[in-house]
Amino acid sequence: MLTASTLLLLAALAGYTLLCAASPFGTCRTCRGLGGKVVLDRKGRPKKTKPCRRCKGHGKRLRVGRRLHHHGRDIHHAGTR
């Protein structure tokens, strides 16, 4: 039982690692990839008011796994100078 759960955890970790390598940017959860807060004008058309604070208006965020990879790479680079 412990072996099966360990293998499942390692498989999920390997899948997330491959996802971060293939697609380092994910959709911003705050603005849902729209880049800012969207409100409707008087005629019912969408109008973007100001950029999202979390993604700074890009709609994409660096994934946590990729951010950890960059941090580890920076530490290694600083230690081997």
Side-chain angles (χ1 to χ4, degrees):
M1 187 67 173
L2 182 64
T3 307
S5 61
T6 304
L7 287 176
L8 185 63
L9 181 67
L10 287 175
L13 185 63
Y16 185 69
T17 303
L18 289 175
L19 176 69
C20 287
S23 176
F25 293 97
T27 304
C28 177
R29 292 188 306 256
T30 303
C31 66
R32 296 184 189 103
L34 297 174
K37 182 178 178 182
V38 177
V39 295
L40 300 177
D41 63 1
R42 292 181 186 194
K43 295 181 181 179
R45 294 178 297 205
K47 177 179 131 181
K48 191 165 73 168
T49 56
K50 57 184 183 177
C52 176
R53 293 172 55 186
R54 186 169 187 191
C55 65
K56 296 180 179 67
H58 296 289
K60 296 288 184 181
R61 296 271 301 175
L62 196 61
R63 294 185 194 274
V64 174
R66 193 63 173 196
R67 196 174 301 131
L68 288 173
H69 170 73
H70 283 225
H71 184 68
R73 186 182 63 191
D74 290 343
I75 289 174
H76 176 73
H77 185 68
T80 56
R81 287 186 194 174

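Start at 1 with the first residue, then count along the sequence. Just so you know, these numbers come straight off a predicted model, no measurement behind them.
For R73, the CZ atom counts as densely surrounded, since its 6.0 Å shell holds more than 12 non-hydrogen atoms of other residues, nucleotides or ligands. Heavy-atom contacts from other residues, nucleotides or ligands closer than 6.0 Å to CZ of R67 number more than 12.
When atom types are taken as modelled, the side chain of R61 and the backbone of R54 share a donor-acceptor pair closer than 3.5 angstrom. Judged purely by atom type and a 3.5 angstrom limit, S23 has no side-chain atom pairing as donor or acceptor with the backbone of L19.
L18 CG to L13 CG: the interatomic distance, rounded to the nearest 0.5 Å, is 10.0 Å. Between C52 atom SG and R32 atom CZ the span is 11.0 Å, to the nearest 0.5 Å. Expressed to the nearest 0.5 Å, how far SG of C28 lies from CG of L62 amounts to 12.5 Å. Going from atom SG of C31 over to atom NZ of K60 covers 10.0 Å, rounded to the nearest 0.5 Å.
Between A21 and P24 the shortest heavy-atom distance is O-CD, 4.4 Å.
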*asked:* side chain to side chain contact (heavy atoms under 4.5 Å, CB included), that's the test. Do R63 and H69 meet it? Break it down for me.
replied: CA-CA 10 Å; R63 294 185 194 274; H69 170 73; over 6 Å; no

